[in-house]
Amino acid sequence: MAPGELLIEVETLNIDSASMRQLEQACDGDAARVGEEIAEIVRKRGKMQNPVTGSGGMLLGRVQSTGDVLGERFGIRDGDRVATLVSLTLTPLHLQSVRAVDLTRHQVDVDGTAVVFPSGCVTRLPDDLPETVALALLDVAGAAPQVLRLARPGGSVCVLGAGGKSGLLCAAAARETVGADGVVVGVEAFDAAADAARRVGACDAVVVADAADPVAVVEAASAHGPSSGFDLVVSCVNAPGAEMGAILLARDRGCVYFFSMATSFSRAALGAEGVTRDVDLMIGNGFCADHAEQTLALYRRDAALRAELESRFV
Ligand code: NAP
């Protein structure tokens, strides 16, 4: 380990949703096999880089040594419990054991050690939230703050995967920004997740449609939005194939924000060209300034969002 690097005794990995979905499918829903697969990926690559999705997640653990850079930069000390805010795909990791795999929460209890580079990012776990909730929120901390930046008062936003954790946060951020004069529409493939989005109440309408079926999703969501298309479309699905539906839902000169790691960025770019849509395509950068604080603040001030996520993660 170099002097500027931070050493963490790792307790839990939060596997990103696209990666966990792929692992679960490949292992026929068998949690023990998913655990073995994760251990094997980390053994071979020295990091949790899913070779199929190219995505990772983040981790929770206790600081063994802050090094001489990150402790001061993030206000943390040896012994603090922290979450990493850089992807597991680029976090050196050694696992001694995988203790438990929670396929629903996408959280995996392990014994291991990780290194964070001086250019990385960590945050101390908030002491007012259950750790499982904090981990879930911090995993997708990059999502909602970008929506707060991109949405406009009175504007229109469509969220694909609006009942998932980043989707709920993005819909809440959209509602706050567009206000009562704007419109927020959610899309989910199945009733259970659509009902969850409805319970939280950020969307004016939540429709059930497969985001991977462009014709179906445009028909279902457009009925509740402006006839010219949405100003902003956010893709928070964890499954492939949502690129064209998202692009076709956006208005001319609108923006499509692909937070989903199941996105094929070549399919999005070439698809937009193929259907001659002049829209801005944004890759979901997992980082933006103060993203962890903004996401936790959004969660704390929205009682319905809190109730929904607590029911899933506590
Ligand atoms: P999540 O909680 O699993 O939510 C995904 C939602 O999408 C679920 O409600 C799911 O419904 C829904 N969905 C799946 N396929 C769909 C389809 N064809 N049509 C409509 N809805 C569909 O996932 P998350 O944690 O919010 O993560 C969302 C995405 O962001 C993932 O791809 C994840 O890898 C990515 N991510 C990106 C970053 C980044 O830095 N950009 C960081 C973390 C995560 P069901 O539950 O019914 O299947």
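If you read the sequence from its start, that first residue is 1, and numbering goes on from there. Numbering of ligands and ligand atoms starts at 1, following listing order.
The one candidate from Thr113, Leu59, Leu60 that meets the side chain to side chain contact (heavy atoms under 4.5 Å, CB included) condition with Ile8 is Leu59. Here the rule is side-chain hydrogen bond (donor to acceptor under 3.5 Å, both in side chains) with Gln22, and of Asp16, Asn238, Asn50 only Asn50 fits it.
Defined by atom type and a distance below 3.5 Å, a donor-acceptor pair is missing between the side-chain atoms of Gln107 and Asp102.
With respect to atom 19 (N) of ligand 1, the closest heavy atom belonging to the protein is Ala211 N, 2.8 Å.
Val159 and Leu298 end up in the same hydrophobic cluster when Ile, Leu, Val, Met, Phe, Trp and Tyr side chains are linked at under 4.5 Å.
Atom CG of residue Leu309 and atom OH of residue Tyr299 lie 6.0 Å apart, to the nearest 0.5 angstrom.
Residue-ligand proximity: Asp139 is placed with a non-hydrogen atom under 4.0 Å from ligand 1. Within the structure, the closest approach of Ser55 to ligand 1 does not fall below 4.0 Å when heavy atoms are considered. The shortest separation from a heavy atom of Ala209 to ligand 1 is under 4.0 Å, placing the residue in contact. Ligand 1 lies nowhere less than 4.0 angstrom from a heavy atom belonging to Gly142.
Among Arg21, Arg105, Lys165, the residue whose heavy atom sits closest to atom 25 (O) of ligand 1 is Lys165. Considering each of Ala239, Ala196, Ala194, Ala162, the one bringing a non-hydrogen atom nearest atom 15 (N) of ligand 1 is Ala239.
Considering both main-chain and side-chain atoms, Asp210 comes within under 3.5 Å of ligand 1 through a nitrogen or oxygen pair. Considering backbone and side-chain atoms alike, Met261 places an N or O below 3.5 Å from some N or O of ligand 1.
Side-chain contact between Val34 and Asp30 is absent, with no heavy atoms from C-beta onward closer than 4.5 Å.
Residue Phe259 touches ligand 1 through backbone and side chain together, judged by heavy-atom distances below 4.0 Å. Contacts between Cys236 and ligand 1 below 4.0 angstrom, taking non-hydrogen atoms only, involve the backbone exclusively.
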